[in-house]
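Notes follow the structure.
Computed from heavy atoms alone, side chains included, the values below leave out hydrogens, waters and symmetry copies.
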Protein chains: 2
Amino acid sequence: MIKVAIIEDDHDIRQSLGLIIHHTEGFECQQCFESCEAALEALAANPPHVVLMDINLPGMTGIEGAAILKKKHPHTDIMMLTIREDDQAVFDSLCAGATGYLLKNTPPAQLLQAIKELHAGGSPMSSHIARRVLLSFRPQAESPLSARETEILGLLCEGHHYKRIAEQLFVSGHTVRSHIKNIYYKLQVNSRAEAVRKATKDKLI
Amino acid sequence: MIKVAIIEDDHDIRQSLGLIIHHTEGFECQQCFESCEAALEALAANPPHVVLMDINLPGMTGIEGAAILKKKHPHTDIMMLTIREDDQAVFDSLCAGATGYLLKNTPPAQLLQAIKELHAGGSPMSSHIARRVLLSFRPQAESPLSARETEILGLLCEGHHYKRIAEQLFVSGHTVRSHIKNIYYKLQVNSRAEAVRKATKDKLI
DNA sequence: CTAAAAATACCTCATTTGAGCGATTGACTC
DNA sequence: GAGTCAATCGCTCAAATGAGGTATTTTTAG
């Protein structure tokens, strides 16, 4: 039995979602809310398995709500509800803590299927959004660094000092400094911290 | 017209995939290969729109091949072919440069649909894999830092010096030092570089 | 209300770092 | 054969950093 809660400000949509879930074997509509604020308070004691959350809510948005809800109840899966496939809003929701989303005009059978998948550890999403998520965690740019420089940057990121790096690479400390200066120039930075940041951000290491 | 190339060592699978694509309106099977090595050489001059690539290939694996192919031809979309939903291999492929994958026993209609979606900028994948991808780029752990410390860590990551941070926060340099010492302690690191690395890795900022 | 945590401030010292210079060798390209 | 780039080594110096302490004042939480 999958316990579901609904957070949606539109009365009609809320009702119809509730009815669909309530009348389906294996699903239970635990509670319905008009706002995140109300839901967060009421669900604290008895978190559901799945929350269907509208993205555009009055007061706290669904995105903010998802972040807070996920923080309080890490085991609750959040499915965002959206009218259109607005890339950015959906993407932000997924970053905030949601693990799936549905278009509001999704037919009941697919809706129930998606909730099942979500609860079983999946993340229902269109292939378009999936691509977006995929690209966001892959290196974008081509590395301008040579192999040796990349190697040194890696050691730099691990927090080693010049001396330590020099020892590990069997070269003099001076050489390491020169390399690091070149790295800084190529990455257009002028401190270790910035270099490390850029390196991890652009997945250069 | 979507130009497709196939890299698959099993003769029967290669043939049947080729036939399906060849006989479908809007698709063209450009070439078939038994290995990445052969494909990389032959495709250099005339890259296809989509490559169907077996994960388990003799010689260079599909994962390695995907990385090289994507590097040479960034505009070619790579669809991995796999027998079973082996999480790790599929996930590694997506990291390497593939933007979608298919099970080998996918029926022709779905296969063609997936290729279409891939070419249109989507990333066909099961909701299970999607969850995996999603989790990989979201912060895992709870931040142990206070709001102020997080703020300072953010400035640290941008490469600012103690003085600069102190000025921006309207506190003394001594205060900044104290905070940073606490941050280092909490993150279990002992240098700027490590702190920045940990911060970006765990998405603390 | 009381205790813990966070934010603030100060001191000193050895070490590390970034910036500014230059130079040689070998590999690869055009 | 000239030119570029990577990799190596060298020097100096002021400034920034990390490590070692201690202490006061708010806030927050129990």
Measuring from the side chain of A:R148 (C-beta onward, heavy atoms only), which nucleotide among C:dT8, D:dA7, C:dA6 has the closest atom? D:dA7
Please tell me which of the listed nucleotides, D:dA19, D:dT8, D:dC11, lies nearest to the side chain of A:H174? D:dC11
If you assign B:F170 and B:L145 each to the DNA chain C nucleotide with the nearest heavy atom, which residue ends up on the more 5' nucleotide? B:L145
Please work out if B:K181 contacts a base, only the sugar-phosphate, or nothing of the nucleic acid, heavy-atom cut-off 4.0 Å. base
Counting side-chain heavy atoms from CB outward, which of C:dC10, C:dG18, D:dC9 is closest to A:V171? D:dC9
Could you work out which one of D:dA19, D:dA7, C:dC10 sits closest to the side chain of A:E149? D:dA7
Rounded (10°) bend between the five-pair end axes of the helix from C:dC1-D:dG30 to C:dC30-D:dG1: 80°
If you check the B:H179 side chain, which of C:dG18, C:dA7, D:dA19 turns out closest? C:dA7
Side chain of A:Y162 only, heavy atoms from C-beta on: which candidate in D:dG18, C:dG18, C:dC10 is closest? C:dG18
From C:dG18, C:dA9, C:dA7, nucleotide with atom closest to A:I180 side chain: C:dG18
Nearest-nucleotide 5' precedence on DNA chain C, A:S178 against B:T175: B:T175
Can you identify which nucleotide, out of C:dT17, D:dG10, D:dA19, has its nearest atom closest to the A:R177 side chain? C:dT17
Measure from the side chain of A:K186, starting at C-beta and using heavy atoms only, and say which of D:dA19, C:dC21, D:dA6 lies closest. D:dA6
Can you name the side-chain hydrogen bond (donor to acceptor under 3.5 Å, both in side chains) partners of B:K72, sequence neighbours left out? none
Looking for any heavy atom pair under 4.0 Å, which part of the strands does B:N182 touch: base, sugar-phosphate only, or nothing? nothing
Quick one: which of C:dT17, C:dA9, D:dG10 gets closest to the side chain of A:R192? C:dT17
Would you list the atom pairs, donor with acceptor, under 3.5 Å between side chains in residues 46-58 of chain A and any protein atom, with sequence neighbours excluded?
| unit_1 | atom_1 | unit_2 | atom_2 | d |
| --- | --- | --- | --- | --- |
| A:N46 | OD1 | A:K3 | NZ | 3.3 |
| A:H49 | ND1 | A:K3 | N | 2.9 |
| A:D54 | OD1 | A:K104 | NZ | 3.0 |
| A:D54 | OD2 | A:K104 | NZ | 3.3 |

